[in-house]
Undergrad: 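Take a look at this one; I'll ask things after.
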Amino acid sequence: MFSNRLVNILIPIISVILGLLSGAFIMLIFGYNPIQGYAALWNGAFGDLYFLGETIRQVTPYILSGLAVAFAFRTGLFNIGVEGQVFMGWLASVWVGVSFEAPMIIHLPLAILAAALAGAAWGFVPGLLKAKLGVHEVIVTIMMNYIALYSANAIVRHVITDNADKTEQVAPTASLGSEWLEQLTYFSRLHYGFVVALFGALIMWFLLNKTVRGFELRSVGFNKDASHYAGMNVSRNIILSMVISGAFAGLAGAMEGIGTFGYYSVKSGFTNIGFDGIAVALLGGNAAIGVIFAAFLFGTLKIGALNMPTQAGVPTELVEIVIALIIFFVASSYMIRWLILRFKKEGK
Amino acid sequence: MDYVIEMLDIRKEFPGVVANNNVNLQVKQGEIHALLGENGAGKSTLMNVLFGLYQPEKGHIRVKGKEVHISNPNVANDLGIGMVHQHFMLIDTFTVTENIVLGSEPKKNATVDIRQAEKQVKELSEQYGLNVDPRAKIRDISVGMQQRVEILKTLYRGAEILILDEPTAVLTPPEIKELTEIMRSLVREGKSIILITHKLKEIMEVCDRCTVIRKGEGIDTLNVSDTNVTELASLMVGREVSFTSEKTPAEPKDKYLSVVDLHVKDSRGVEMVKGVNLDVHAGEIVGIAGVDGNGQTELIEAITGLRKSDSGSITIHGQNIANQTPRKVTESGISHIPQDRHKFGLVLDFPMRENMVLQTYYQNPFAKSGILNYKSISEKAKSLIEEYDVRTPSIFTHARSLSGGNQQKAIIGREIDRSPDLIVAAQPTRGLDVGAIEFIHNKLIEERGKGRAVLLLSFELDEIMNLSDRIAVMFDGEVVAETSPEDTDEQELGLLMAGSKQQQKEGDA
Ligand SMILES: Nc1ncnc2c1ncn2[C@@H]1O[C@H](COP(=O)(O)OP(=O)(O)O)[C@@H](O)[C@H]1O
Ligand SMILES: [Mg+2]
């Protein structure tokens, strides 16, 4: 009745529906009208072209951070360091953007490349430690997040600027921004980054599924001993996996650096782009196409939520709860899978 | 006739499978009754029905002549039925005694009287010659000992009828001998035993009667003294099975593999291979005999590139391959059927398609300039699966969901298909049933006939005697004797493996 593939698609959909239903239930308990609430959410995300532009802008870094986590997952690693790699990519792209002037055809790709390289370098360290010394990547990447946060602040204050809290705006030749897109969407902050993000998803799919390298990466992710037996270089593949994952994360940073904001400002804490990437990857089943849909859902909820207090009087906290509930239901997908299979059995 | 257990006309279904149909099992008081069948024949299912874990769709069960309904394992316990499962159910960090009394602890003022329990365990252990230390932690004792703890667990609960589910599958040959003794002493004390196995020799050795099931159907019950291995095998498989593989005399040609004065340490840094010399020629099978843990595994791993060697040389066609990567070793013409097929042989979460090209995925025609060509990969996978009779629903099925025999056939197909000069086969038939064993033996002999060199590692003397043209016996990291099946017998091999250096036959061989 249900194929395996269908089950894999059904699980996130059912999780989302259950999350939305429980969100509605909670709104009811607290005396809000869930229909009004969700209508406000919908309007806030898609109500007019401005909101649509903002939603797509928000989705863009989520796609890339989701790809970063998913890529590592698929190759047997848990990259919690996406957050820090995002900072490094953000900083690198801005740095290239403010440091010199060059024709756009050189400057923009260079800024994007710098972001990918910086993220990759930040992923290389835990990859190396894991491959050569067997240090667990989760511990190292968590620590690397703090190192990234504070060293980026220090670099902004003392290297790029003279004790300022914020870099200058990047040169227009290094910016993903587009007047045309802005005008089209009633002056939202929509920029060309979504092209980069979609391209990133394509690259991940192609690399993992179609190339010799992807074969090795997946094989090492599943079984290191068998991969060694089969003649693969296990250490090199572990390092490469973290490097590529980090590069995706770095690109997510570039979306903010030379896309949304155009500068790097000193930060007091995490942006959560990286941590939300974990949920995006989970919801998207760690597949490139799934990550795009999951990021879209996350972006929609985040942007749409901003409209809920004004239009329906529902506090933003509640939206956070709905998001958390959706993640909860995805994480307990085991339970949903079990229910589906049971259903399947009775249907026979 | 007095039967302690009667299972009559049992039928048990799982979704899509009939695991038992028309099965009858009648066990007499004080006998060792074998339950024989291939992997997947439904042996464990039948015993789980008897133990109350499954409810049958049809049939009756009588215990000591009385019709019973065994709704759960507690009922089975109360009826005096105890079961030692294929996979042990022990708590690693608990002591032997704690594991045994778990759930029915002797109490003293609301606390567990562990002294009393230890005493009881000790008494039981002595009564049946089990020789276990009641205070040892489970994680510190061998698998063989853990099995005895499981047996004690059933005895402690007053079992009269013991079900042992493939107890010998996890044991070494000496441990099997000891288990045999234990079973004999259990029946002497009036217990009855149901022994599940697919090893025919064991049945001939210890059992009184034997019930055969095949593909879920009850086939027959025989007196062991009235039957023989060949008859049992054909009842079990449903066709004639040959045990001694047809083999023409070897025609050894060029020296392919040459190992000289090799020293290898294991992962703890203990020297396990202490100066081994070994040659393997084209067109011959060289068997390495020995008790597990005498350096055979390390030797094989050094030859195949999985482990570094400390000194000495390994050459194939005169080219040195010591301390080369597995990729280099593979490319110089060596195939490896690894001892642990789940750890090394397959990526269990990969589809069969990917597993069939695990070493060759990067080569033409499976890949061109770094891009995989799934069309030719699929073609290769399909043809290998067909040729080697790997039973899988499709090439997209994950290796994990195949049975052990089919996984092994897939590995063997993949390794032979590369047309290697040397095939290193480590325990190629471990845990497989006779049909699969026969298939694999024939394949290895066929390859020998094509002029390939085969290095066989096995802990089963039968296999060594049956397949090898030459036998190297390893003991304590050294080759202590070289002989051939014509010049020796299992008894002598057993002595050599145990370290008695009777090498008188070498001279006149
Ligand atoms: N819990 C179960 N659910 C579904 N199928 C099962 C289950 N247990 C066993 N089977 C199936 O029943 C058949 C008999 O299995 P089993 O009794 O374990 O065989 P044996 O012990 O003889 O190797 C096999 O085809 C197996 O796949
Ligand atoms: Mg079984």
Side-chain angles (χ1 to χ4, degrees), chain A residues 1-8 73-77 131 133-134 202-238 240-241 244 285-287 337-338 340-348, chain B residues 14-16 300-301 304-307 324-332 334-351 353-364 366-374 377 396-401 411 414-415 418 424 426:
Chain A
M1 190 159 95
F2 297 114
S3 71
N4 247 341
R5 204 187 183 108
L6 193 63
V7 170
N8 285 338
F73 259 138
R74 288 282 292 276
T75 53
L77 295 167
L133 300 174
L202 188 68
I203 289 180
M204 158 155 160
W205 170 80
F206 186 80
L207 181 63
L208 273 186
N209 298 304
K210 298 288 162 190
T211 69
V212 166
R213 180 56 57 201
F215 188 101
E216 291 194 5
L217 285 166
R218 283 182 294 137
S219 177
V220 169
F222 282 134
N223 184 340
K224 294 184 181 46
D225 293 308
S227 303
H228 179 56
Y229 155 87
M232 301 171 197
N233 185 331
V234 173
S235 306
R236 193 173 66 196
N237 278 298
I238 290 176
L240 196 64
S241 159
I244 294 171
N286 296 317
R337 185 179 293 268
W338 182 78
I340 291 179
L341 291 178
R342 211 192 144 103
F343 205 64
K344 194 168 154 179
K345 223 156 101 182
E346 278 168 11
K348 264 196 187 142
Chain B
F14 293 113
I300 297 287
E301 288 180 350
T304 53
L306 291 175
R307 186 178 287 284
Q324 296 287 351
T325 60
R327 169 77 29 105
K328 277 268 165 55
V329 171
T330 305
E331 286 179 347
S332 53
I334 297 184
S335 273
H336 179 195
I337 298 161
Q339 194 166 339
D340 187 336
R341 58 178 162 263
H342 290 168
K343 191 170 173 202
F344 291 106
L346 295 165
V347 177
L348 290 176
D349 294 307
F350 259 173
R353 178 181 67 174
E354 269 84 346
N355 271 301
M356 297 320 286
V357 294
L358 204 58
Q359 294 103 328
T360 46
Y361 59 92
Y362 62 97
Q363 289 167 356
N364 214 344
F366 307 131
K368 275 179 198 136
S369 24
I371 309 295
L372 295 169
N373 179 350
Y374 278 113
I377 293 177
F396 303 108
T397 307
H398 285 193
R400 186 181 295 286
S401 45
I411 294 174
R414 180 185 74 204
E415 296 306 303
R418 286 209 310 277
V424 178

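Only heavy atoms go into these numbers, but all of them, side chains included; no hydrogens, no water, no symmetry mates. All chains are named by letter (A, B, ...) in the order of the sequence lines, taking the proteins before the strands, and each is independently numbered beginning at 1. From a predicted model like this one, the values you see are computed outputs, not experimental measurements.
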Undergrad: So for B:Gln363, is it side chain, backbone, both, or neither that comes closer than 4.5 Å to the heavy atoms of chain A?
TA: neither
Undergrad: State, to 0.1 Å, how close A:Ala226 and B:Leu346 come at their nearest heavy-atom pair, and which atoms those are.
TA: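 Looks like CB-O, 3.6 Å.
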Undergrad: List the atom of A:Val212, the atom of B:Ala367, and the distance in Å for their closest heavy-atom pair.
TA: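 It is CG2-CB, 3.4 Å.
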Undergrad: Given side chains that start at C-beta, do those of B:Leu348 and A:Phe222 come closer than 4.5 Å, heavy atoms only?
TA: no
Undergrad: Do B:Leu372 and A:Thr211 have side-chain heavy atoms sitting under 4.5 Å apart?
TA: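 Heavy-atom side-chain distance check fails, nothing below 4.5 Å.
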Undergrad: Got a second to check how far B:Asn373's CG is from A:Lys210's NZ, nearest 0.5 Å?
TA: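 The CG atom of B:Asn373 sits 10.0 Å away from the NZ atom of A:Lys210.
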Undergrad: Return the minimal non-hydrogen interatomic distance between A:Phe215 and B:Leu358, and the atom names on each side.
TA: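 Where A:Phe215 meets B:Leu358 most closely, the heavy atoms are CE2-CD1, 4.3 Å.
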Undergrad: Go through B:Pro338, B:Gly370, B:Gly345 and name the one with the most non-hydrogen pairs under 4.5 angstrom from chain A.
TA: B:Gly370
Undergrad: Among A:Gly221, A:Ser219, A:Ser227, who wins on heavy-atom pairs under 4.5 Å with chain B?
TA: A:Ser219
Undergrad: Under a 4.5 Å cut-off applied to non-hydrogen side-chain atoms, are B:Thr304 and A:Tyr229 in contact?
TA: no
Undergrad: With a 3.5 Å distance limit and no angle check, can you tell me whether A:Asn223 reaches the backbone of B:Lys343 through a side-chain donor-acceptor pair?
TA: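 Yes; at least one donor-acceptor contact below 3.5 Å.
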Undergrad: With a 4.5 Å limit on heavy-atom distance, are the side chains of A:Met232 and B:Tyr362 in contact?
TA: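 No, too far: nothing below the 4.5 Å cut-off.
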Undergrad: Show the nearest heavy-atom pair for residues B:Gly305 and A:His228, with the distance to one decimal.
TA: O-NE2, 4.2 Å
Undergrad: Any chance you could measure A:Leu207, atom CG, to B:Ile371, atom CD1, to the nearest 0.5 Å?
TA: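 Spacing of CG (A:Leu207) from CD1 (B:Ile371) equals 9.0 Å.
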